[in-house]
Structures are given as structure tokens and as C-alpha cells.
A.B. asks: 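Sharing a structure with you now.
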Amino acid sequence: MPRDVRLVDVDPYATDAFPRPEGDENVPSTSSSSSSRATLCSFNVGLRGLKNLCERRADATSACADQHGVRRALGYGSLDAFLRALGDVDVVCVQETKLTKLDVASVGRVEDAWDSAHSVCDAKGKDSYAGVAIYWRTSRLRPVAIEEGVCGSRRGRVDDKTASRLVFAVGEDAPFAHDVARQKELDSEGRALWIDFGTFVLCTVYVPAVFGDAMMDEKVAERALFKADFLSALATRYQALIKRGRHVVLCGDWNIAPCAQRDRAGVPSSVPTSVNPSREWLHEQLDSHLTDVFRAAHPHVNDAFTCWNVASGAQLNNYGSRIDYFLMDDAFVKYVRAVGVAQSHH
């Protein structure tokens, strides 16, 4: 299993613990097996993208060393092999898939045991960029609704025969409702995907990254505003679900380190948490609606990083940051049985 996979094991199907949300009596049970547990996995596949990670190559079974001596599998040989490598998990959330619509049809689907939903980038000039996907075991889970984006501008785009309705009601706290162009722009890169599994709603996100000084570079400033608007829209959407009495699970690559002292290497404990808009946004969510599940379970664990500067070989000394994690509404957290970062290599 790749080292930087995030896992959380929850027990969401005990009927005494999770009665049907008020107003959602018609939401069917999610689980089609007798098991009451669901293991969710989140994995940013990185710069290679899902297609390259899963393609069948002559050297796919060998792990070649890079310039730093780090060995990693160059490819799993197939999507099925990739999913098998993640172990006995029920849901796999993937970020930075870099798939096109044609790629989804050719390499993004698996047969029999799994089903999937994808959100791909269709922004002009950004082919094979960003993108997210969710895979689930059909014998254990059954979605009742699927939706893309943080603004709802992609309604009806997801092609999934099992989805009978949308996650959000039409007009329900739609972000940027009076700016349709901004809605489409925020949803155009395929960075968010929602699936209603009946007892809880799962969202996987690939939050935009911002590189550079927004005060010095106009393009960086534009991207910083894009990220801020994306996060604002995301908050509006998930809070609408909580207001409706739904449980939410948000996971993925957030491109935000939640706490400078514990979640970023090289920051002395005496240094106050650095201030930036993204971290302020995250702290607001954690103070009011959500729980960082890993930190709640492991409050004193340091160096549990999920991202490193691979070009410099920083992973050799685990000099990185924790920017990939699960967030859940506070009422759902007590049903989490285990959470962690996978430490073994494939």
C-alpha cells in the first residue's frame, strides 16, 4: 500500500445509532451486506495521474530507484491491481486523477466488484488536469445520489445508473447564485465530488494550491481568490447538509496544513501558527462544524505527514506537511473506530 494513503474506519450502519435524517425517510439503507463497518480511503495519486499509475508497463512490477535512491512502483498494471493494493477497503477517494472524459471510459472504470463516479476538468487549456474520483464496492455500498462541484453548476453530468437524485435540492444555499460565470469557473476543474450513501454524504476534494506571493504577482492573486471562493462554496454546501440533519464526511487533498507546529516540518513549537486565508478558513470550520478526525484520535502525534518535496528527496527524512485528511461533522466522529496514515510501501 502506498505510504501516503489516508484511511478511516467508521461504523455508520448501526440502525440504533443512525436513524434516518428527518425529512429523508425515503433514503434507503446504504449497506447491502451484514457488515456494519465501512473503511474509507483517500489517496492523491500525484503528478503521474491515475492513468499512468494504472497503465500496464513492462517495468510495472519492479520498483525503480530515483536520483535519491527512493524506490516506488512505476505502475500497478491495471486499475483493478491498484485497488487491490489498497487492501480490504470499501471506498477509495482519489484526487489529481488527470483523466479526460475518454480516459474515464477506457481506464477509469472497473468491472463487477467496484463502481465509480468521476469529475474531470473541462476548463479551457487545462486538459488532463486536476480531477477527482470515488470508487466503492458494490457488494457493500449503494449510492442514492451523486453530484459534482461546489456550486452545483454541473448537475446532471454524472453518468451513474444507481444515482436516483441529486445530493442538494435545487436552489439550496447555492454558492454564487447571482454569478453563474463564477459558479461554472469554480466547478470547471473537477475538484469536488459528492456521493450520498444514505446514512452519510461523502465528498472528496482536491483543493487548489497557491504558489507565490499574491501581493507581488497578479496571477497568484487571482489563484488565491479562486481558492478562497472554492473553500467558501464548499463550506456553504456541506453546512446546508448539516442543517438538513445529514452527516458529512469530507476528505482529500486540502493543500492546507491545519496546524503549523504539529503538521509542518521545521516549525518550532515556540512559533505561533502562521496566518493565511486558507488556514483561517479551516480553523473556522473546525471551531464550528467539523472535526479533524486524525488529530482527534491522535492529538499528540507529530510528523504524520502526507506530502513532501519529492524532487529534493524530502521524504527520506520525512520533512513534509499534513495536507490530506478527513473532516467529519462533530456528531459523526464518535462512530469512527480507527484512523491513520498508511505507513507501508507497495
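Remember, predicted model here, so these are calculated numbers, not experimental data.
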A.B. asks: Do you know the tightest heavy-atom contact between Q95 and T204?
C.D. replies: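 The answer is NE2-OG1, 2.9 Å.
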
A.B. asks: According to the interplanar angle, ranging from 0 to 90°, do the rings of F226 and F230 count as parallel (below 30°), tilted (30 to 60°) or perpendicular (above 60°)?
C.D. replies: parallel

A.B. asks: Could you tell me the separation between the CH2 atom of W114 and the CG atom of D80, rounded to the nearest 0.5 Å?
C.D. replies: 10.0 Å

A.B. asks: I need the T100 OG1 to H118 NE2 distance, nearest 0.5 Å.
C.D. replies: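 With rounding to 0.5 Å, OG1 (T100) is 11.0 Å from NE2 (H118).
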
A.B. asks: Between CD1 of I195 and CD1 of I134, what distance do you get to the nearest 0.5 Å?
C.D. replies: 4.0 Å

A.B. asks: Is it the case that the side chain of Q183 and the backbone of S153 share a donor-acceptor pair, with hydrogens and angles ignored and the cut-off at 3.5 Å?
C.D. replies: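 No: the side chain of Q183 does not pair with the backbone of S153.
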
A.B. asks: Let me know which of R237, R154, K184 forms a salt bridge (charged side-chain N to carboxylate O under 4.0 Å, His left out) with E148.
C.D. replies: R154

A.B. asks: Does any part of the side chain of L231, heavy atoms only, come nearer than 4.5 Å to the side chain of S278, both counted from C-beta?
C.D. replies: yes

A.B. asks: Indicate yes or no: at least one non-hydrogen side-chain atom of C251 is less than 4.5 angstrom from one of C93.
C.D. replies: yes

A.B. asks: Ignoring hydrogens and geometry beyond distance, is a side-chain donor-acceptor pair present between S321 and D263 at under 3.5 Å?
C.D. replies: no

A.B. asks: Between the main-chain N or O of V248 and the side-chain N or O of D329, is there a donor-acceptor pair closer than 3.5 Å?
C.D. replies: yes

A.B. asks: Any sub-3.5 Å donor-acceptor pair from N52's side-chain atoms to R48's backbone N or O?
C.D. replies: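 Checking the backbone N and O of R48 against the side chain of N52, a donor-acceptor pair under 3.5 Å is found.
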
A.B. asks: Applying side chain to side chain contact (heavy atoms under 4.5 Å, CB included) to V132 and V94, what does each step give before you reach the verdict?
C.D. replies: CA-CA 6 Å; V132 294; V94 185; over 6 Å; no

A.B. asks: Would you say the side chain of V205 lies within less than 4.5 Å of the side chain of C203, judging by non-hydrogen atoms?
C.D. replies: yes

A.B. asks: By side-chain contact (heavy atoms from CB on, under 4.5 Å), which residues pair with Y319, not counting sequence neighbours?
C.D. replies: A265, A314

A.B. asks: How close do Y135 and A133 get, heavy atom to heavy atom, and via which atoms?
C.D. replies: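 So the two residues come closest at CE1-CB, 4.0 Å.
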
A.B. asks: Salt-bridge test for D292 and R322: reply yes if a basic N is under 4.0 Å from a carboxylate O, no otherwise.
C.D. replies: yes

A.B. asks: Should Y129 and V210 be counted in the same cluster of Ile, Leu, Val, Met, Phe, Trp and Tyr side chains packed under 4.5 Å apart?
C.D. replies: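 In one cluster: no.
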
A.B. asks: Once salt bridge (charged side-chain N to carboxylate O under 4.0 Å, His left out) is applied, do any residues pair with R84, and if so which ones, sequence neighbours excluded?
C.D. replies: none

A.B. asks: Would you compute the distance between atom CH2 of W254 and atom CG of L327 and round it to the nearest 0.5 angstrom?
C.D. replies: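 Reported to 0.5 Å precision, the distance equals 4.5 Å.
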
A.B. asks: Working to the nearest 0.5 Å, report the span between CG of L202 and CD1 of I146.
C.D. replies: 10.5 Å

A.B. asks: Given 3.5 Å as the limit, does a donor-acceptor pair link the side chain of K227 with the main chain of N255, or not?
C.D. replies: yes

A.B. asks: Quick one: do L282 and Y325 satisfy side chain to side chain contact (heavy atoms under 4.5 Å, CB included)? Show the steps, please.
C.D. replies: CA-CA 12 Å; L282 178 60; Y325 37 86; 3.3 Å; yes

A.B. asks: Would the distance check show the side chain of T236 and the main-chain N or O of S232 forming a donor-acceptor pair, the cut-off being under 3.5 Å?
C.D. replies: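 Checking the backbone N and O of S232 against the side chain of T236, a donor-acceptor pair under 3.5 Å is found.
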
A.B. asks: Verify the neighbour count for atom NZ of K126: are there more than 12 heavy atoms of other residues, nucleotides or ligands below 6.0 Å?
C.D. replies: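 More than 12 within 6.0 Å, yes.
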
A.B. asks: Considering only heavy atoms from C-beta outward, does the side chain of W281 approach that of V207 to under 4.5 Å?
C.D. replies: no

A.B. asks: State, to 0.1 Å, how close V293 and V339 come at their nearest heavy-atom pair, and which atoms those are.
C.D. replies: O-CG1, 3.7 Å

A.B. asks: Decide if the gap between the ring center of H247 and the ring center of F332 is smaller than 6.0 angstrom.
C.D. replies: yes

A.B. asks: Any chance you could lay out the side chain to side chain contact (heavy atoms under 4.5 Å, CB included) test for L50 and F82, step after step, and finish with the verdict?
C.D. replies: CA-CA 9 Å; L50 188 60; F82 166 66; 4.0 Å; yes

A.B. asks: Would a distance-only check, ignoring hydrogens and angles, find a side-chain to backbone donor-acceptor pair under 3.5 Å from R244 to Q239?
C.D. replies: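 The answer is no, because no donor-acceptor pair under 3.5 Å joins these two groups.
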
A.B. asks: Does any N or O in the side chain of R137 come within less than 3.5 Å of the main-chain N or O of V89, such that one atom is a donor and the other an acceptor?
C.D. replies: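 The answer is yes, because a donor-acceptor pair under 3.5 Å joins these two groups.
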
A.B. asks: Is the backbone of P299 close enough, under 3.5 Å, to the side chain of R262 for a donor and an acceptor to pair up by distance?
C.D. replies: yes

A.B. asks: So among E189, R191, E96, which one has a side chain to side chain donor-acceptor pair (under 3.5 Å) with Y206?
C.D. replies: E96

A.B. asks: Checking Q285 against Y238 for the side chain to side chain contact (heavy atoms under 4.5 Å, CB included) test, could you report, in this order, the C-alpha distance in whole Å, the side-chain angles of both residues, the deciding distance, and whether it holds?
C.D. replies: CA-CA 10 Å; Q285 312 315 307; Y238 88 75; 2.6 Å; yes

A.B. asks: Is any side-chain heavy atom of V104 closer than 4.5 Å to a side-chain heavy atom of V120?
C.D. replies: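 Answer yes - side chains close enough.
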
A.B. asks: Looking only at the side chains, is there a donor atom on one of W308 and N318 sitting less than 3.5 Å from an acceptor on the other?
C.D. replies: yes

A.B. asks: Any side-chain heavy atom of V150 sitting closer than 4.5 Å to one from F176?
C.D. replies: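 No, side chains not in contact.
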
A.B. asks: Salt bridge check, D127 against K98: does any charged N sit closer than 4.0 Å to a carboxylate O?
C.D. replies: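 No.
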
A.B. asks: Say you draw a straight line from CG of L234 to SG of C151; how long is it, rounded to the nearest 0.5 Å?
C.D. replies: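 One finds 10.0 Å between CG of L234 and SG of C151.
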
A.B. asks: Assess the pair F168 and W194: is the distance between their ring centroids shorter than 6.0 Å?
C.D. replies: yes

A.B. asks: Would you say E185's side chain and R182's backbone share a donor-acceptor pair under 3.5 angstrom?
C.D. replies: no

A.B. asks: Taking the basic N atoms (NZ, or NE/NH1/NH2) and the acidic carboxylate oxygens, is any pair closer than 4.0 Å for K219 and E222?
C.D. replies: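 No, this pair does not count.
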
A.B. asks: Identify the two heavy atoms, one from A257 and one from I323, that lie closest to each other, and give their separation to 0.1 Å.
C.D. replies: N-CG2, 3.9 Å

A.B. asks: Can you check salt bridge (Lys or Arg N to Asp or Glu O under 4.0 Å) on R246 and D196, steps first, answer last?
C.D. replies: CA-CA 10 Å; R246 303 304 308 276; D196 186 346; 3.0 Å; yes

A.B. asks: Ignoring hydrogens, what is the shortest heavy-atom contact between Y76 and A85? Give both atom names and the distance.
C.D. replies: CE2-CB, 3.6 Å

A.B. asks: Can you see which heavy atom on D330 is nearest to which on S288, and at what distance?
C.D. replies: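 Here D330 and S288 meet closest at OD2-O, 4.3 Å.
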
